[in-house]
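Counting starts at 1 for both ligands and their atoms, in listed order.
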Amino acid sequence: MTVVSEPTCRTDALITLRHDWSRDEVLVLFELPFPELLFRAAQVHRAHFDPAEVQVSTLLSVKTGGCPEDCSYCPQAQRYHTGVTAQKLMSTQAVLERAQAAKDAGASRFCMGAAWRSPADRDIPKVAEMIRGVKALGLETCATLGMLGDGQAQSLKDAGLDYYNHNLDTAPEFYGEVIHTRAYQDRLDTLSQVRDAGLKTCCGGIVGMGESREQRAGLLHALATLPAHPDSVPINRLVKVAGTPLADDESLAELDPFEFARTIAVARLLMPRSMVRLSAGREQMSDELQALCFIAGANSIFHGEKLLTTGNPGVDRDQALFVRLGLRAMGMPGKVDNAAHTMTNPGKTVQRAVACDAISTATLGVRSDSCAACPTIMP
Ligand code: SAM
Ligand code: DTB
Ligand code: SF4
């Protein structure tokens, strides 16, 4: 057995970006005592981000259900009977109304998802029109449309797309247990098209699908040794949707919440400058687990009652959690660095950045008397 020494925790290790992690090194991080792992991840987090800031994104399913793929976790796969009804691609106008509402509610980023294996060339101009419209609202744009063919990433980039989300989902050797209709290499090829087009990559995976710790390490290793670290790394905890093979597998044990927090911490250590997104599965998580994840370096969430087809914590629950943890939403360009303020004051614009009691109250998501009278909120 090879003995792997613990990766060092010197100051330069806090800021150095590495692309040469070995899988054994990643596993050693997973196996650190929990407080030590969280401490290290929190240190790295602070070296690159304000640990009190969390990016708030909104997700919209612009084309729901009817997908020909067989991803064993997915409620949108046509072949499983999950109660999701297949719908056509939404109109641009309907998408823009939702984007405006998301902006008014405090989101700074808007992600559009489609249940496609890959988009047809005829769909690209329609999605491009949506992207142009969302961008024109001043929102950061992200899309997840499946595998991309030649030239499609470039067309999306030309329309103003900022990020493309395409996940590796799990470790290479566990992948075949979950998905049979496309290969790991197909995913790597799409990611390379995305990078070549100059788009930012959003790439992560799902845990809690019955993979081992070694395989969770394998997923994070695969992500951290891509030619460039993904700019954003969504870590999803499996949402069990009845009718999907993974939900119907009674032998599948729940993932230990501490193991989920470990996964977030190791992602933060391996990819120090990436946004680590606490993605699907938050509705089933306790507030305490989410807090551990924020300490471990998660700095982005999806906000709103729904993800693509499954539930997400309600707006009230998230605001209350931000209050209790003293977190604030990351800023919107041109406004005070505080989307949460807008989140609690829909339709009103924060005009200047000041550190006053009212702002700190509002950032925490409570509309108090002092907040209502706050001179920084303009009608
Ligand atoms: N069809 C496109 C694709 O597969 O790339 C885009 C949409 S797909 C729903 C985006 C990601 O959502 C998947 O790669 C997977 O990681 C995540 N996801 C889907 N169903 C999930 C579930 N039940 N629990 C957790 N994550 C899920
Ligand atoms: C990602 O990794 N997680 C988000 C986003 N990318 C598109 C999607 C989660 C979907 C969860 C299942 C659903 O709501 O249908
Ligand atoms: Fe289709 Fe994407 Fe769901 Fe897989 S994850 S079944 S590709 S929508």
key: Nitrogen or oxygen of Asn165 less than 3.5 angstrom from that of ligand 1   =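 Looking only at distances, the answer is no, because the N/O contact criterion of under 3.5 Å is not met.
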query = Taking NZ, NE, NH1 and NH2 as the nitrogens, is one of them in Arg18 or Glu25 under 4.0 Å from a carboxylate oxygen of the other?
reply = yes
task = Answer yes when Arg109 and Asp162 have at least one side-chain N-carboxylate O distance shorter than 4.0 Å, and no when they do not.
result = no
note = The protein heavy atom nearest to atom 27 (C) of ligand 1 is Ile206 CD1, 3.8 Å
ask   = What residues, two or more places apart in sequence or in another chain, satisfy ring pair (Phe, Tyr, Trp, His ring centres under 6.0 Å) together with Phe30?
value =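 Counting only residues at least two positions away or on another chain, Phe30 forms no ring pair (Phe, Tyr, Trp, His ring centres under 6.0 Å).
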key: Under-2.8 Å protein N/O/S neighbours of atom 3 (Fe) of ligand 3, ordered by chain then residue number   =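 Less than 2.8 Å away from atom 3 (Fe) of ligand 3 sit Cys74 SG.
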Atoms in ligand 1 flagged as close to Leu308, the criterion being non-hydrogen separation under 4.0 Å =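 In order of number, 9 (C).
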task = Determine whether the side chain, the backbone, both or neither of Met147 has a heavy atom under 4.0 Å from any heavy atom of ligand 3.
result =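 The answer is neither.
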ask   = Any protein heavy atom lying closer than 4.0 Å to atom 8 (S) of ligand 1?
value =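 When distances to the protein are checked, atom 8 (S) of ligand 1 has no heavy atom within 4.0 Å.
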ask   = Can a cation-pi geometry be assigned to Arg262 and Phe34, taking NZ or CZ under 6.0 Å from the six-membered ring centre and within 45° of the ring axis?
value =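 Not satisfied by the 6.0 Å and 45° rule.
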ask   = So is Arg237 close enough to ligand 1, meaning a heavy atom under 4.0 angstrom away?
value =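 Yes.
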Sub-4.0 Å heavy-atom contact, Gly146 with ligand 1 = yes
